[in-house]
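On a predicted model such as this, the values are computed, not experimentally measured, just so you know. Lettering of chains follows the sequences in order, A, B, ..., and the numbering in each one begins at 1.
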There are 2 protein chains.
Amino acid sequence: MDVMTDLPHPARDEIRIEAVLHALADPVRLQMVRVLAQLPDDGGIACGAIELPISKSTRTHHIRTLREAGVVWVRPEGTARLTTLRRDDLDALYPGMLDGILKAPR
Amino acid sequence: MDVMTDLPHPARDEIRIEAVLHALADPVRLQMVRVLAQLPDDGGIACGAIELPISKSTRTHHIRTLREAGVVWVRPEGTARLTTLRRDDLDALYPGMLDGILKAPR
DNA sequence: ATCGAACTACGATAGTCATCGAACTTCCAT
DNA sequence: ATGGAAGTTCGATGACTATCGTAGTTCGAT
């Protein structure tokens, strides 16, 4: 009864920089963000569509970490979860941070 | 005999974004960086001079994490360790990131 | 020479977290 | 209505890490 529950997102003013940095510090999550950053903001991609050498449950875990930190929006669409980068919020809170990180040499 | 050994720093091209983000994600270390960011880059501050509610050994641990990630320079000066932000390297690698993070609402 | 200040090294501990597999839910096609 | 596809939840596990106190080192000042 508790499955497929609502997906809580922090409001912009609830986003904490420590949580954002922690979310982005993981290689898997950073890769996810890199992929998301190349998509149109109004689009969204199914979590599973990002190819990564990890299991489904680990994927869920990482997406949740990003969502709870305020880095991504996740909205249900059928059985899928469409994920988009919260670029406007991040840019407003930490102007230049996201672009700077994404400019990192691979 | 291994004490007070040399302080290894990564070269600019050895700095990894994951390590930098992980270093900055800790509240104590982020506070250290905030303090360092307000000092002139050619100055430097003794690690112990940054007031924080932590023990000496924990302080050492955090400074080392920042140093090994490439976030700060640490140079011995007598018995003290003068610490400075590697602003030029971080700005070159991740332009805008540092300023963006420092603009974060407290 | 000795003492204290500043810091490091070490070991311990408790907490967090990335990872997985298995079982479950939800929804869409057939 | 059945089956599969997409995700979630739930432990469990191993790795990492933030913290501390204690002991040790280095260096400057007395």
[N] [atom2] sits how many Å from [X] [atom1], rounded?
X	N	atom1	atom2	answer
B:D26	D:dA18	CG	P	5 Å
B:E18	D:dT17	CD	P	13 Å
A:L21	C:dT16	CG	P	19 Å
B:L7	D:dT26	CG	C1'	13 Å
B:K56	C:dC10	NZ	P	16 Å
B:R64	C:dA9	CZ	P	7 Å
A:L30	C:dA18	CG	C1'	16 Å
A:H61	C:dA22	NE2	P	20 Å

Requested in this report: Please name the pair of heavy atoms, one in B:M97 and one in B:V20, separated by the smallest distance, quoted to 0.1 Å.
Outcome: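 Scanning both residues completely, I find the closest heavy atoms to be CE-CG1, 3.9 Å.
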Is the shortest side-chain N/O distance from [X] to OP1 or OP2 of [N] below 4.0 Å?
X	N	answer
A:T79	D:dG7	no
B:T58	D:dC20	yes
B:R29	D:dA18	yes
A:R81	D:dT8	yes
A:H22	D:dT17	no
A:S57	C:dC20	no
B:S55	D:dC20	yes

Is a side-chain donor or acceptor of [X] paired with a backbone partner of [Y] at a separation under 3.5 angstrom?
X	Y	value
A:H22	B:H22	no
B:R67	B:P8	yes
B:H62	B:T60	no

Both distances under 3.5 Å, Watson-Crick or G-U wobble: report the partner of D:dT30, or none.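 Matched D:dT30 with C:dA1 under the 3.5 Å cut-off.
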D:dT22 pairs with which nucleotide, Watson-Crick or G-U wobble, both distances below 3.5 Å?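 Across all strands, the one nucleotide that pairs with D:dT22 is C:dA9.
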Margin query: At 4.0 Å (heavy atoms only), tell me whether A:I54 reaches a base, stays on the sugar-phosphate, or touches nothing.
Written below: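 Touches sugar-phosphate only.
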*asked:* Please pick, from C:dT19, D:dT19, D:dG7, the nucleotide with the shortest atom-to-atom distance to any side-chain atom of B:H62.
replied: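 Selected nucleotide: D:dT19.
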Distance-only polar pair, side chains of A:T58 and A:S55, donor-acceptor under 3.5 Å: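 A pair is found: one side chain offers a donor N or O, the other an acceptor, under 3.5 Å apart.
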message: Pick the closest DNA chain C nucleotide for A:E77 and for B:V74 by heavy atoms, then say which residue is nearer the 5' end.
response: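 Result of the comparison: B:V74.
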